[in-house]
> 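The structure's right below; bear with me while I get my questions together.
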Amino acid sequence: LEEPLIFEQGTPGRIGVDLPPVPAATSRLGGTARKGAIGLPDLAEPQVVRHFVRLSQKNYSIDSGLFPLGSCTMKYNPRLNEKVARMPGFADLHPLQPVSTIQGALGVMAELSDWLMRLTGMAEITLAPAAGAHGELAGLMAIRAAHVARGDARKRVIVPDSAHGTNPASAVLCGYTVESIPGTEDGRVDVATLKAALGPDVAAVMLTNPNTCGLFERDVRAIADAVHEVGAYFYGDGANFNAIVGRVKPAELGFDCMHINLHKTFSTPHGGGGPGSGPVVFAESLAHVAPGPRIGKADDGSYTVDAVPGGGAVGRLKAFFGQMGMFTRALAYMKSLGRDGLHTASGDAVLAANYLMVRLSDEMSPAFDGPAMHECLFDDSFLDGTGVSTLDFAKAMIDEGFHPMTMYFPLVVHGAMLIEPTETESKQALDQLVDALLSLARRAKAGEAAMFHAAPRYAPRRRLDETLAARKPILRWTPPVDARAAAE
Amino acid sequence: LEEPLIFEQGTPGRIGVDLPPVPAATSRLGGTARKGAIGLPDLAEPQVVRHFVRLSQKNYSIDSGLFPLGSCTMKYNPRLNEKVARMPGFADLHPLQPVSTIQGALGVMAELSDWLMRLTGMAEITLAPAAGAHGELAGLMAIRAAHVARGDARKRVIVPDSAHGTNPASAVLCGYTVESIPGTEDGRVDVATLKAALGPDVAAVMLTNPNTCGLFERDVRAIADAVHEVGAYFYGDGANFNAIVGRVKPAELGFDCMHINLHKTFSTPHGGGGPGSGPVVFAESLAHVAPGPRIGKADDGSYTVDAVPGGGAVGRLKAFFGQMGMFTRALAYMKSLGRDGLHTASGDAVLAANYLMVRLSDEMSPAFDGPAMHECLFDDSFLDGTGVSTLDFAKAMIDEGFHPMTMYFPLVVHGAMLIEPTETESKQALDQLVDALLSLARRAKAGEAAMFHAAPRYAPRRRLDETLAARKPILRWTPPVDARAAAE
Amino acid sequence: MRYLPLTGADRAEMLRVVGAPAIDALYRDVPAGMLHGTDAFDLADGKGEFQVEREMQAYARASRSAGDGPFFVGGGLYRHHVPAAVDHLIQRSEFLTAYTPYQPEIAQGTLQTLFEFQTQVALLTGMDVANASLYDGSTAAAEAGMMAVRITRRNKVVVAGSVHPHYRAVVRNQLGFAGIEVDLAPADPRAEDDIMARVDAGTAAVIVQNPGFFGHVSDLTTLADAVHAKGALLVVAVTEAVSLGAIESPGAMGADIVVGEGQSFGNMLTFGGPTVGLFATRSKFLRQMPGRLCGETVDADGRRGFVLTLSTREQHIRRDKATSNICTSAGLCATAFTIHVAMLGEQGVTHLAALNHAQASLAADRLAAVPGVTLVNDSFFNEFTLDLGRPSAPVVQRLADRGILAGIAPATLDGVEGDADRLASLLVVAVTELVTEDDVEALAAALAEELAA
Amino acid sequence: MRYLPLTGADRAEMLRVVGAPAIDALYRDVPAGMLHGTDAFDLADGKGEFQVEREMQAYARASRSAGDGPFFVGGGLYRHHVPAAVDHLIQRSEFLTAYTPYQPEIAQGTLQTLFEFQTQVALLTGMDVANASLYDGSTAAAEAGMMAVRITRRNKVVVAGSVHPHYRAVVRNQLGFAGIEVDLAPADPRAEDDIMARVDAGTAAVIVQNPGFFGHVSDLTTLADAVHAKGALLVVAVTEAVSLGAIESPGAMGADIVVGEGQSFGNMLTFGGPTVGLFATRSKFLRQMPGRLCGETVDADGRRGFVLTLSTREQHIRRDKATSNICTSAGLCATAFTIHVAMLGEQGVTHLAALNHAQASLAADRLAAVPGVTLVNDSFFNEFTLDLGRPSAPVVQRLADRGILAGIAPATLDGVEGDADRLASLLVVAVTELVTEDDVEALAAALAEELAA
């Protein structure tokens with residue numbers, strides 16, 4: 001059954017939410033009262049529930065199967081976290097209440113901060129950023145503020161070409177120009193290339209480690225030294241922190257600051273694209289310009305909201321205190337795993353990726369040698385001459401019951417396929433994925449290109465025309481012409 | 001993807017629930033400590049969640065589409081009710097706590113009782129029965145106790161042949177013999193036939209009104225008089241109370257007692273087969289033998305658990321107080337609709353059934369003339385000569401995206417198809433059902449029997465071999481022979 | 001009204017199609033004067049969701065819920081931790097709002113879950129087969145008694161003093177109306193019953209509970225042999241399903257039928273209902289079993305699938321010849337049971353049982369050290385009986401007034417026949433994994449004060 | 001560990017396949033001495049679910065949640081009733097645990113929901129198009145400023161005194177780092193701003209808020225004309241989305257970009273995050289819009305379907321040339337918004353808005369009658385400003401100590417530049433449908449006592 005838009009199901013005279021009658025009162029809207037109708041459809045509650053249940057049934061999700069999207073870390077989202085986030089003391093709490101009435105929320109922020117600083121070895125933290133890219137911006141602002149404070153404003157930020165697109169975009173937003181540097185044959189930053197690009201006008205080098213090829217940047221210390229030598233700061237993109245959490249402290253690798261994606265490493269749900277949360281940790285080198293909010297503790301043990309370091313050199317990043325709903329989930333997750341569980345989790349994630357890499361190499365072409373970290377990267381050379389593209393291959397996975405891997409990222413590899421299994425998949429599930437992918441690779445090589453081009457066939461939709469969507473954008477429902485005419 | 005049994009997914013060494021270590025303590029189990037393993041499979045939490053999410057995706061539900069099962073009243077289950085039932089003051093409460101600590105729960109029971117007695121016009125109530133059939137038993141016990149109390153124990157219970165199977169089964173459980181009487185040509189009880197069957201050894205006549213043909217027993221008052229004339233009691237099966245709630249008081253129809261299915265009339269969810277709740281209301285004529293629990297009110301306004309009328313002539317029906325989880329849901333529902341909403345709901349349910357009956361009559365054969373109450377009944381005469389049975393027709397509905405109607409019930413009609421739309425379906429949804437059924441009927445008449453025999457084709461399973469299941473019952477998983485051999 | 005999608009225009013159009021002037025006209029078969037408007041009902045009109053929620057919240061807050069402080073009440077319902085995933089899963093529309101799986105092709109989710117439930121119950125109880133759940137433990141016990149009567153064609157059921165008072169009352173009531181003789185041994189707080197003295201050639205079954213209502217755990221092997229020697233069946237009731245993780249299964253001890261309350265797995269206390277009745281037996285008694293059964297079969301393509309089966313035992317087919325009148329099961333509660341047990345697995349069930357037992361053992365030692373308190377049980381699982389040396393009911397009330405729910409004063413319970421003097425001073429105390437050491441200390445301290453007073 | 005399905009045997013077998021002796025060996029690229037065991041972290045080991053729940057519950061109980069008593073705090077987040085169905089639906093696995101819909105064939109649920117969201121936002125704001133959500137209202141305001149700079153190629157943004165102090169601070173901070181001049185008018189509690197005085201030929205945009213932070217509602221038509229006459233864009237921020245049901249839409253009043261906080265629909269307060277940033281504009285500015293967009297198209301069989309589109313604006317394609325660095329949206333919060341607005345519909349949104357306004361109007365009258373209190377606003381929606389004639393912050397604290405959360409003392413807020421003396425005595429009070437008459441009476445009485453003291 002097809003599910004029409006909610007706008008195509010409305011009939012005046014229905015109500016989906018009963019409300020008490022409006023009491024008689026003086027209107028204070030002055031001349032601004034709404035004149036026309038909004039145009040929303042009227043439905044009853046059962047219809048709305050059925051509509052969204054049916055829509056949901058057209059989605060693939062981590063709860064329905066393996067979701068090996070590289071760089072996205074689709075791990076299991078514990079239901080305890082959902083329960084905790086909905087406790088009235090967190091969900092039904094306003095950030096502008098007096099501090100004496102929000103002690104529990106501040107306590108969560110303080111403990112979460114403590115965990116994140118200890119896990120990263122860092123000295124200061126801000127929980128404000130709403131997502132990873134927002135965290136990048138916060139980190140770069142601190143870097144800029146630090147340079148400005150010492151009278152040394154700089155212009156350039158260096159980003160490897162394998163980086164997430166957010167890195168250069170954030171740098172530009174922070175007023176920098178961006179220089180992209182190519183990687184080595186083995187999928188890593190080349191120290192010599194980097195050194196050549198460095199100079200006194202470089203504000204920061206941004207490095208993702210493990211990087212988006214799923215590899216650990218083994219020269220990270222040398223890079224850090226080179227960066228620091230020219231007076232620049234070393235920014236860590238912590239999107240892949242899940243590979244090393246509980247094992248490696250980013251501060252020891254030489255990073256001056258790093259953002260952390262709570263929705264990747266710490267299991268908060270992706271929710272179809274958000275919300276996220278991107279706290280940033282700062283080494284001593286940048287602690288003096290870390291933005292707020294900053295939770296302190298008074299002598300009587302109560303929590304306080306403290307003044308921001310550096311006199312607010314970096315100002316407010318977001319209204320209120322940050323993504324509390326993600327803080328409670330992430331803290332519940334960390335307490336559940338503990339340092340031992342986090343250590344095991346990162347190890348299992350890395351083991352699973354290496355297992356896939358080795359087993360899939362029977363038919364597929366790894367882009368680089370291992371060991372992989374949390375994800376493994378293949379190029380499309382194994383499809384050479386088959387008439388099957390990375391896109392076709394990915395769509396064929398859908399018919400096998402799996403979500404495709406990340407396609408065409410990172411850009412440094414031709415027809416990239418980036419596979420991240422995470423630690424919450426069983427060996428049986430990994431083996432099922434391997435069997436399906438190997439079988440698909442063999443079928444591609446056996447000349448079954450037509451099947452791949454036709455995929456997916458067993459999904460709620462076959463391949464969608466993205467070109468049409470972009471060429472003639474239809475971004476909202478509009479009433480049918482005859483209905484509009486009738487209304488006039 | 002097929003989903004194996006949970007037993008086929010276990011691997012020792014996993015845990016799905018972390019628990020604190022067991023402290024050292026003296027064992028008090030004596031010689032009874034378990035010697036062997038239980039044999040349960042070990043899985044991690046993500047696997048269990050995925051297993052049951054996947055299983056759930058193989059179910060049809062009222063939230064996914066129209067569920068026109070006659071006599072089952074598949075109406076929308078409000079989510080407010082689920083929220084209310086989970087409030088800690090209800091969900092995390094023990095019935096054997098001191099009465100001073102369970103005042104809120106008793107208050108819910110008192111208010112629910114009040115609503116049900118006012119809606120039925122009755123004088124007394126027991127909330128204990130766990131389901132409708134359990135309520136029937138409770139009502140019959142009261143009848144037996146009333147007769148015994150006046151030294152007039154009786155033997156027979158009369159039940160129309162259109163009744164639910166629970167009616168005769170409950171009567172037997174209560175020590176009665178059952179006599180079934182046939183209905184009239186127009187689908188109702190024949191007063192003359194009934195009178196002929198009555199006698200001084202008849203304890204009760206059980207009548208469902210509206211009956212299972214979806215018709216109102218228009219001679220109900222005459223029947224009541226005849227029943228009372230021989231000193232018998234008139235039992236009301238309230239399974240179809242939803243057709244008349246807020247409009248007709250069963251007490252006025254002459255019933256001495258009646259059970260109410262909270263999961264039908266009052267929207268508590270069916271949950272794949274339960275739990276239910278079947279409170280019984282009693283007229284003055286039986287109030288003196290009504291079983292407990294009975295909630296009273298002390299002078300200080302606090303609620304009390306009172307002694308049962310009749311000195312416990314009818315004893316305990318169930319441990320504790322009944323299905324509190326259903327009481328809270330049903331009360332939330334009644335408060336939400338109110339007397340006006342209940343009145344509208346029953347009217348809409350009846351209107352929807354009549355609408356379907358009239359529109360479907362274009363191609364299908366109604367068993368009786370209307371007006372229908374909450375459901376409409378068809379026989380299979382419209383399929384004569386098509387080679388399509390009621391079963392085939394029902395299975396073909398699955399491929400159209402609908403749950404089938406009730407088949408082959410009531411028994412009084414050949415190849416019965418009993419359709420109950422309920423008041424929570426929109427006219428659009430009703431029209432979709434009509435279109436689908438009319439189209440199927442036309443295709444059956446057009447000779448497309450093969451399509452019907454092959455149905456369903458678009459369900460998680462095609463037709464299942466029920467004969468095989470009954471002939472060689474496999475009622476549990478057992479380890480594969482080689483695994484057992486290996487373990488020995 | 002938010003739950004009703006028909007609009008005034010819809011109703012007018014539908015009435016036109018139906019050919020009726022108004023909805024009331026469809027009720028023309030209702031006797032004159034008996035079709036009412038809303039005025040005939042002295043009840044409130046409908047309310048918005050937040051108003052209803054507020055009113056229900058007021059009721060909820062008027063009780064002292066178990067989680068509000070130290071809590072030691074058991075007696076057939078146990079406060080265990082239910083993982084959040086369980087409640088999440090049973091609230092999925094596809095489980096919550098489905099009907100009994102009469103159309104198996106689109107109900108494999110419910111059916112496979114029930115098949116897994118039946119297997120879990122059979123494994124935990126050590127029996128061959130289990131049904132897909134009954135209302136609760138007490139009615140399951142009554143069903144077991146009636147089943148034994150059908151099997152043995154004898155007409156008397158003996159109920160031991162170890163059985164929960166409410167279960168005793170339910171069995172007596174239900175079997176009594178069915179014309180079956182019920183011989184109730186008095187309450188047995190010290191496990192001194194000579195139950196075999198009540199068994200004769202007319203006895204269909206002996207119903208015992210293990211662990212007993214007062215907490216005792218017993219090796220039932222000898223009893224089973226003795227009961228069988230008399231040609232009767234042994235019915236074992238288990239009200240604390242977690243105990244099956246630590247105690248030898250009733251099946252291994254010789255039970256013919258095991259009934260139980262499954263609430264401990266997956267279900268909150270919910271003031272005692274709904275819960276989930278467990279029912280398991282030997283293969284040879286299968287066709288006398290009450291309740292719904294799910295079985296494995298194949299579909300038209302030969303793929304494994306599940307259906308409701310052996311329904312010729314049931315009321316909707318057999319009517320007055322059915323094995324029971326039961327129509328509704330505890331489907332959703334059984335689903336919660338299944339999910340929780342699946343999460344626990346072998347390791348979790350045994351660990352949870354061991355944890356309960358150890359904490360109860362430590363708590364018993366601590367409470368027995370309170371002056372004036374004697375521990376009645378020499379054996380128990382997670383619930384035991386204390387003798388306070390004075391009437392326990394007023395002590396329980398005073399402790400409740402202090403915020404501590406100390407347990408059950410058995411003398412106050414419906415169905416607890418026995419030596420009133422001996423019962424009056426008893427307190428039945430349950431200790432699950434959710435009871436903390438602080439809770440035990442708080443109870444011990446308060447009890448010491450009360451008893452010193 | 002319950003979230004980790006690999007067993008020791010699995011790990012051994014996988015290491016064998018991988019050809020590594022141990023998991024640590026896979027980390028051989030980590031510099032020497034920097035690969036640690038658990039001892040290197042001074043943190044707790046893992047805990048069971050009920051232990052974690054207990055610890056988190058302790059935090060939750062250490063706050064005074066909004067529902068615990070009279071509550072009048074607004075200021076950009078509003079406590080409305082969210083129907084239970086909303087939270088139920090967004091917890092469905094298929095919404096909760098899905099990723100950004102990069103594979104549209106198996107993400108139509110999320111995509112169609114976003115398309116409906118975009119339509120709802122466009123309708124409510126009176127604009128042509130809306131994106132699929134940003135982080136929140138404050139960052140959306142900053143994005144709007146930057147977008148105006150891109151469109152006009154001018155480099156100054158004027159922020160009115162009606163704008164929420166936090167939004168002002170965010171705009172100043174983010175635009176400042178981007179090298180854009182930000183001209184902040186002082187806080188404007190009495191709607192006396194002459195904002196046009198700050199607009200010059202270099203001004204890209206004027207950002208105003210309606211209703212303003214202090215509650216005023218304004219007809220922006222004249223301002224829009226004036227701004228346009230200067231070649232600048234008018235950005236209207238709406239922090240209380242419910243007001244759109246009662247007040248003329250910003251689009252109808254001439255806004256070029258509307259940003260807003262959508263929390264009021266479908267989302268709890270959650271201590272201010274996550275919430276849902278609304279962003280809508282005119283069609284002609286579409287390609288300068290930040291954030292994700294969902295568009296309609298057809299599939300290979302010609303059936304309607306939805307995809308993410310115009311991603312050439314976004315960072316993952318355009319990198320340093322993107323319109324924004326935004327990658328993550330507020331997907332799930334937007335889903336909640338969509339469901340709640342769908343439930344309300346035209347009737348519900350307008351009724352809810354009218355109810356809020358009427359209750360606020362009555363409350364304002366009542367509170368203005370308290371001796372010493374003056375109502376500052378001549379116009380407002382559901383939030384208004386009182387002048388207490390003395391510093392309000394201590395009053396707020398004392399009322400909180402008495403269990404009443406009376407509102408916001410604006411002088412205490414980050415970003416609220418302005419006349420400190422005039423601000424110090426103000427109290428901003430929000431009244432939604434959840435505030436009862438009793439709550440208002442309680443506040444009035446307590447306020448009277450505090451002011452008399």
Side-chain angles (χ1 to χ4, degrees), chain A residues 16-17 22 25 30 39-40 42 52 55-56 58-63 84 87-89 91-92 94-95 98 101 104 130-131 133 165 168-170 172 178 216 218 271-276 315-316 319-320 323-325 335 338-339 341 347 354-355 371 426-427 459 461-462 465 469 474 476-477, chain D residues 1 5 10 14 18 23 26 29 41 43 45-46 52 56 59-60 62-65 73 93-94 97-98 100 105-106 108-110 119 123 135 138 166 169 173 268 270-274 295-297 299-300 305 309 315-316 319-320 322 325 328-329 331-332 343 345-346 348 354 358 361 379 400:
Chain A
V17 177
V22 177
L40 295 169
D42 287 318
F52 288 102
L55 285 187
S56 77
K58 298 177 194 290
N59 269 4
Y60 193 92
S61 70
I62 186 71
D63 280 357
V84 163
M87 289 175 176
D92 192 25
H94 197 298
T101 68
S170 297
V172 167
V178 176
F216 194 91
R218 59 174 91 92
R316 180 169 281 277
F320 316 117
Q323 309 283 59
M324 169 58 65
K335 285 173 175 281
R339 61 177 183 179
N354 280 281
Y355 178 73
S426 68
K427 181 165 176 296
R461 280 290 177 276
R462 306 219 27 216
D465 189 341
I474 305 176
R476 57 174 285 192
W477 172 84
Chain D
M1 206 286 140
D10 291 337
M14 291 164 75
V18 168
I23 287 176
L26 299 170
D29 289 335
F41 299 91
L43 289 163
D45 283 334
V52 174
M56 295 303 290
Y59 279 126
S63 292
R64 186 285 203 195
S65 55
V73 187
S93 293
E94 295 87 342
T97 76
T100 304
E105 297 87 354
I106 48 174
Q108 287 295 303
T110 293
T119 306
L123 288 169
Y135 306 140
S138 68
H166 283 185
N173 185 56
M268 303 281 286
T270 317
F271 202 60
E296 181 180 322
T297 186
D299 80 351
T309 192
Q315 48 73 28
H316 65 281
R319 303 179 74 85
D320 54 319
N325 72 331
T328 301
S329 74
L332 200 66
M343 288 182 73
E346 181 82 20
S361 181
S379 75

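Chain identifiers are assigned alphabetically (A, B, ...) following the order of the sequence lines, protein sequences preceding nucleic acid strands; residue numbering begins at 1 within each chain.
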> Which one wins on heavy-atom pair count under 4.5 Å against chain D: A:G276, A:G30, A:S426?
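Heavy-atom pairs under 4.5 Å are most numerous for A:S426.
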> What residue, out of D:V18, D:D10, D:L123, D:D45, has the most heavy-atom pairs lying under 4.5 Å from chain A?
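When all of D:V18, D:D10, D:L123, D:D45 are compared, D:D45 has the most.
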> Out of A:G16, A:G341, A:P95, which one racks up the most heavy-atom pairs below 4.5 Å with chain D?
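The option with the most such pairs is A:P95.
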> Checking D:E346 side chain against A:G39 main chain: does a donor-acceptor pair fall under 3.5 Å?
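Between the backbone of A:G39 and the side chain of D:E346 there is a qualifying donor-acceptor contact (under 3.5 Å).
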> Select, from A:R476, A:R339, A:M324, the one with the greatest count of heavy-atom pairs under 4.5 Å involving chain D.
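Top option by heavy-atom pairs under 4.5 Å: A:R339.
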> Let me know if A:V172 has heavy atoms under 4.5 Å from chain D in its side chain, its backbone, both or neither.
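The side chain, not the backbone.
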> Specify which of D:A300, D:S138, D:A354, D:S329 makes the most heavy-atom pairs with chain A at under 4.5 Å.
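Ranked by heavy-atom pairs under 4.5 Å with chain A, first place is D:S329.
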> Check each atom of D:M1 against the heavy atoms of chain A and say whether the ones under 4.5 Å are side chain, backbone, both or neither.
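Looking at D:M1, just its side chain touches chain A.
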> Could you please spell out the steps behind the ring-ring contact (aromatic ring centres under 6.0 Å, His included) verdict for D:F271 and A:H94?
CA-CA 5 Å; D:F271 202 60; A:H94 197 298; 8.7 Å; no
> Okay, side chain of D:T97, backbone of A:I62: is any donor-acceptor separation there less than 3.5 Å?
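Yes; at least one donor-acceptor contact below 3.5 Å.
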> Does one side chain, of A:S170 or D:N325, offer a donor that lies under 3.5 Å from an acceptor on the other?
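On atom types as modelled, these side chains qualify, holding a pair under 3.5 Å.
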> Looking only at heavy atoms and a cut-off of under 4.5 Å, which of A:G315, A:S56, A:A131, A:G89 has the most pairs with chain D?
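Most heavy-atom pairs under 4.5 Å with chain D: A:S56.
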> With chain D, which of A:G273, A:G325, A:A459 has the greatest number of heavy-atom pairs at distances under 4.5 Å?
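Between A:G273, A:G325, A:A459, the count favours A:G273.
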> Do D:T297 and A:D465 pair up side chain to side chain, a donor and an acceptor below 3.5 Å, judged on atom types alone?
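Side-chain D/A pair, D:T297 to A:D465: absent.
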> Counting heavy-atom pairs closer than 4.5 Å to chain A, which one of D:V52, D:V73, D:I23, D:I106 comes out on top?
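So the answer, after comparing D:V52, D:V73, D:I23, D:I106, is D:I106.
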